Every structure is written in structure tokens, then in C-alpha cells.
Protein chains: 2
Amino acid sequence: MDIRTFAEIVGVSIATVSRAFSGNGRISPETKRHILKMAKKKGFTPNIHARRLSSQESAMLGIFYSFSSEPIFDYYNMELAQELAKAALQQGYTAQLELTNDDDRQEERLLQLASTKAIDGVILVVGKIARARKFLPKISHCPCVTITNFPWPKTIPVAGSIFIDFQKGIEQTISTLRDRGHSRIGYIRGMVDETKHQAYLMAMEKAGLDLEPSWIHPGYKSFSDGERAVRALLKRRVTAILCATDILALGVMHAAQEDGVCLPEDLAVVGMDDLAVSAFTTPGLASIGVPRNHVAQASVETLTRAIRDKRYDQIKTTYSQTIHPQLVERHSLGSLPLKNITKKSFDTSPKNA
Amino acid sequence: MDIRTFAEIVGVSIATVSRAFSGNGRISPETKRHILKMAKKKGFTPNIHARRLSSQESAMLGIFYSFSSEPIFDYYNMELAQELAKAALQQGYTAQLELTNDDDRQEERLLQLASTKAIDGVILVVGKIARARKFLPKISHCPCVTITNFPWPKTIPVAGSIFIDFQKGIEQTISTLRDRGHSRIGYIRGMVDETKHQAYLMAMEKAGLDLEPSWIHPGYKSFSDGERAVRALLKRRVTAILCATDILALGVMHAAQEDGVCLPEDLAVVGMDDLAVSAFTTPGLASIGVPRNHVAQASVETLTRAIRDKRYDQIKTTYSQTIHPQLVERHSLGSLPLKNITKKSFDTSPKNA
DNA sequence: CTGTTAGCGCTTTCAG
DNA sequence: CTGAAAGCGCTAACAG
């Protein structure tokens, strides 16, 4: 059924029907109620394409990320996407999750959606910045908020950027580990973790801990490398390992326990992200936890504000926000301080200031 | 830029431009190439809404599921959704993931999308059938494929249905456990697992194993109930537990190990679904694994075929498909047969035929 | 093979 | 507060 025939049935003009549904323009509450009631009764639903074509708005937020080689690597993105979808819903928007395995295709798609107003705004979870730098200018008319693990460069204009800054969390983790008697704390790098890596180095220094280069394991992709990483680090007599992601940490725990290493007695493990599943591993995985709901809400709010601002033709500014994940303590971190090991370890670890 | 001005720039009619992009209608390869090239150069992209409004097609598949109370419970749906998105992509469609926390809203949304052709078809992951029965008739014009853990009732017409039938997998699991010396095999029910539950009962019987009602733990929702479930079952001297989902199994493993129960020596655990994370728990979680990529491909293929059929006005039939998940063996299942425990257990377990 | 034209179903001034 | 009418940008016959 189309608006015209429906309007005829109700006995009003199509304009009135339109107003009843869109909420724009003046309409008496009475007729509005009547129209809505009749619509339900007669089964009329405004055509979404016609509406979007005409209004140049879609009430959709595009959310873009790429598939990984294995689903397990997508856990973080999936959980985040879900939170984004929730947050969008709360703001009266629907999330258009655009998952791709092909970057070119994704770019093309983004361009199409953005330039035809199929989405009102876009949230980009960007790992490597190279591509973004290239195509963001092409959709400059479409508000965009980025979510990154590094500070967003001011040279690339966006409506907003959410920076997930692990530095404090990493410092907190390292000093916690130190306070519990650890001095040989290794780090397993992720795929794109320059910022985290730096934070680790700095945290070790701040904690007054020495550091051997061999305690840092280069970034790796698949779990099969997990065993190698742990073994390599254990050979270096590391007593704790910080991992750039929870997924890496899962791999580490798995491999370590297979080798008969007791967690957390022989080895403390800490991940990053705090996936939902991390609370239920054995032992529970301590993690520097990204508050995904906050990230999601911040992104969506920033984005919707940008959309409104734009609609009212206001000046374009960038709203930046930094979010500081904090250490979530769980069993993999080892027993609480000072009780069992601390005294002993203060003797054992010669490097403590 | 709109098609008219672009057509003018290129020096052809708008119809020709349309043909160049849509692939429909006759057009010389030469002009087509030229138009496409110019489009890229001038930055013209066909308006997606106008196109859909006019063609009454969207190349979108709606995928509907509801958020759970906690993200961990959504793992299965998220992984499946991702596979569905992949499969859709391969067929030239885009997935519109519609995640909701409110069933009414979801229904409304589905109605809107379906009735205005915002989606060409819909894939429904349906747990409880009650609601579906009510609103499916309302979108009878929109091809729909369902994914369920029970056989789809013929009384509710759909374009296709994928039935994930755990029966064989459950039988396989029970008999494997029996062959490894287990006779007291418990079961933890899920939220909606009538079919699985029946299969368990039947499998126990087929395996010639006795069964006490107390070995079956009623379905539960949150992990906090996990401890209770395991403890209750362990009190019944159960030596193996089958769980209706991997998530339940994770909870069981976590609680058991916290209580000092050794896995798999003291207790074998098997889940269902085979989440990506299950391969990386400690011990690795054996699971009756849903081949999500097959499920996804089957659903999407069935759906796209239905869409085509409908377009060509063919007769409507229901394509049903049954998928049989199989046991994926991992450490939580216990050591391989006959080597260590079998002999002993044949003596110990009096109930073996 | 290409151009013309009549819609697709709604929003939004602009009158009244 | 409501109605009339002019688009929104494209597709799909129908001519040529």
C-alpha cells in the first residue's frame, strides 16, 4: 500500500500522513493518533527508500570493520560492534554493520553509502591509518568518528575520534605486577601495537624495572605461534607476561598449561581488551579492559551530534575523546599482594629500587 | 552529483548511464566502459535509495537476532552472523544485521524492512517459535529462511528452513564417552533445548546406559549458576557432563577447576556449538560443532534462490535442509579410548550391558 | 544499441 | 492545521 491510497482511505492528504509519521511539521495530535491507528489497522508502512530519497536522511550509522582470517580474531570487533549497535539504537539510529574481507570493496561500499546518504554517518574502527588517510577526504561530507589505539592525527579531519589509550592501564599493570614480586615481565606484541609497545617500555622504566630486549616477543598472528612465544619467554625466565590482546593471552595460557606450567604460580598472564570470555577461562584472565559500552556510547554520541550540527549548518569541529582502560584483576594475575610472595620476591629480585 | 548532470557531462542519456551501472538492458561494452571510467573520474555514484525505490530491490538480506543479557551469550549468534555476512557477500548481497534488545521493536522493524523492500529476504535465527508463528504471515511476500535447533513445522510457510540437528552428534558423543569408560554422564540443559534434551535421553538409552533424573540439570542462564550445576552433578558422582552449549561448558570447566576438580581426569566435559574460543580454553573444550560456514552458506543460498524464484514468479516451495553437527574431540573429553581407563571402568561401572 | 518518458513513494515548501 | 504540487534520483518499458 502506498501513501496515496492510504491517505485516501483515511480521508486526509498525503502530506498529513507524512507529517503523522515523520513528526515534522505541524499536525494536530488528534489526527496524528487517528492516522497512526488506521495505519496499524490497514497495515500501511511508509516506504523507507522513498522516505530516505526524499529527506536525504537515513537514520543509519555505518560501522565498518574487516573480517580476520579466523573468527577468534574478530571477537573484539564483534563485541564492540554489538555495543555500537546498542548505542545507536538508543539514539534512534540503526547500525549498518558493514563487514568485509576485501579492503577495496569496503572502501567502495563506504563511498557509495556515504555519498548517497545511505548512512548519515560512519564509525570506523581503524587499525592501520594508511588507507584511512587516503579515502577519508573522499567522504568529507559524511560525518565520521574513528576508534583507534593511537591518538588521531590532526592532519586528517574527522568529526570525532575516540582514542583508547592503554598507557595508564599498562603502567598500572606493570606496577601491580612489580608490587607482587615480579621483576621479569615480558611482553608479546600484537599486530598493530606501536602505542602499547611504547607504553610497556615506559611503564617498565617508571616501575624501576630492568628490561631485556628478549623479553619482548614480536607480534604474531596465529595461535600456533603461541607456544613458541611462551616457550621463548619462559626460557628467559620471565615470570609474568603482558599480551597486546586477550586473544594472545588465551593462546599463551593454553600453551603454557599444556607444557605443565602452572598459572599463575609459575607465570602471571595479563591480556588487553577484556573480552567477555576472559572472565570464564581457567584461570580467569586478568586484562586491561576496554569499556566497550563507554567507547560505543562515546562514539555514537559524538557522531550523532556531528550529524545534527551538520544539519543545522554549524561549524565543523573535531570532538576528541580519550578512554583509559583499567586493569581488571583475575586469577591469572596471581595472588593478592604482600601475602605470599612479596617479601620473598623483594629478596629475590635484585633490580628493585 | 545526480545521474542527469552526469549523463550530460558524458554526453549520453540517463538511461544509458543507468544501464552501465545496473548491468540490465543492452549497452555496448565500449560506452559502458567509458561511462564507468568517467564516473570514477568525476566521482559519480548512483543514489542507492533512488535505485532501490525504483527497482524494488535492495540486494540486502536481513539477519535478525536479539541481544542477550550478557555479551558472552551472544558469541554463537555473533559468529554465525559473521558467517552469514560472508556468505551473503559471496552471493552479491549485503547483510543487514538487525540486532535488537526489544522483541516488539524487532518485529516492527522486520515488518517495515520487508514490506518496503528494504531487504530482499530475511534470515531468522529463531529460538522460541511462538513469536515467529505470529508475525511470519505478515511478511509472507518476503522470502524467509529460518535457522533452528528443531524441525521447522510445516504449518508455518517459509521459503526455506535449516534445521541443525544435534541428535547424531549427541549419540556419537555419548557412545564415545561410554567407550572411554564413562557410564554416569550428566546433562546440563540450555534455555531452549527440548530437541537436544530428547536426543540425550535417547542416546543414553541407545548406548545401553542407565540414567538417573538427577543427572540432568535444569537449564540455567547465568554463570553464577554454573558452580551450582557442576557441584550438584558431581555429588551425583557423574564422571562426564554434556552441556547444551559451549558457554555452559565454559562455566562448568571454570567452576570445576576452581573447586580443584581435575579436567578431564575427574570429569569429562563436552559442549555444543564449537565456538571459535573453545579450541583455546584449558583444557581444550570438546564440542559438538555446528559448521557455521555451512549453515550460513546453506541459508544464504536457499534464500537467494527463493528471491530469484520469486522474481521469476515461480512456484513457491520450501527448501528444507538438515545439518548434523559432529563431535570435535579435544582434551576436555579425556584420553583416547581403551588405553588407560576402559578396562578398569568396565569393571567399575555395573550398568554396562 | 540508445533516448524518452512515466513512474517508484515520500518530504517539503508554499498557499490557504 | 491541512492540502497541492514540485521534486528526490533512478529504473524500465517503449520507441526509435
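Fair warning: this is a prediction, and the values are worked out from it, not measured in the lab. Quick note on labels: first sequence line is chain A, next is B, and so on, each numbered from 1.
A/Arg52 meets the salt bridge (Lys or Arg N to Asp or Glu O under 4.0 Å) test with no other residue; sequence neighbours excluded. Remark: A/Arg51 pairs with no residue by the salt bridge (Lys or Arg N to Asp or Glu O under 4.0 Å) rule, at least two apart or across chains. Contacts of A/Arg131 classified as salt bridge (Lys or Arg N to Asp or Glu O under 4.0 Å), with partners at least two apart in sequence or in another chain: A/Asp104, A/Glu107. The ring-ring contact (aromatic ring centres under 6.0 Å, His included) check on A/Tyr75 picks up B/Tyr75, with sequence neighbours excluded.
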Identify every side-chain donor-acceptor pair in residues 17-25 of chain B under 3.5 Å, counting partners at least two apart or on other chains, and give the distances.
unit_1	atom_1	unit_2	atom_2	d
B/Ser22	OG	B/Ser18	O	3.2
B/Ser22	OG	B/Asn24	N	3.1

What pairs of donor and acceptor atoms, side-chain ones from residues 35-49 of chain A against any protein atom, are under 3.5 angstrom apart with sequence neighbours left out?
unit_1	atom_1	unit_2	atom_2	d
A/Asn47	OD1	A/His49	N	2.7
A/Asn47	OD1	A/Ala50	N	2.9
A/His49	NE2	B/Lys117	O	3.2

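For the pair A/Arg51 CZ and C/dC10 P, the computed distance is 8 Å after rounding to whole Å. Atom CZ of A/Arg26 and atom C1' of C/dC14 are 15 Å apart (whole Å).
Less than 4.0 Å separates DNA chain D from at least one heavy atom of each of the following residues of residues 11-24 of chain B: B/Ile14, B/Ala15, B/Ser18, B/Arg19, B/Asn24. If you check residues 39-48 of chain A against DNA chain C, the residues with a heavy atom closer than 4.0 Å are A/Phe44, A/Thr45, A/Pro46, A/Asn47, listed by number.
Using a 4.0 Å cut-off, no side-chain N or O of A/Ser54 falls inside it from OP1 or OP2 of C/dT12.
At the heavy-atom level, A/Ile27 lies under 4.0 Å from the strands shown only through sugar-phosphate atoms. Base engagement by A/Arg4 is indicated by at least one non-hydrogen atom pair under 4.0 Å involving a base atom. Looking at heavy-atom distances under 4.0 Å, A/Thr31 makes contact with sugar-phosphate atoms alone, never a base.
A rotation axis mapping the C1' atoms of four pairs onto the next four is fitted at both ends of the helix from C/dC1-D/dG16 to C/dG16-D/dC1 over five pairs, and the angle between these axes is 30° to 10 degrees.
Within the structure, the ring pair (Phe, Tyr, Trp, His ring centres under 6.0 Å) test picks out no pair touching residues 112-131 of chain A (sequence neighbours left out). Counting only residues at least two apart or in different chains, ring pair (Phe, Tyr, Trp, His ring centres under 6.0 Å) contacts with residues 115-136 of chain A are absent.
The outermost nucleotides of DNA chain D lying under 4.0 Å from heavy atoms of chain A, listed 5' to 3', are D/dC1 to D/dG9.
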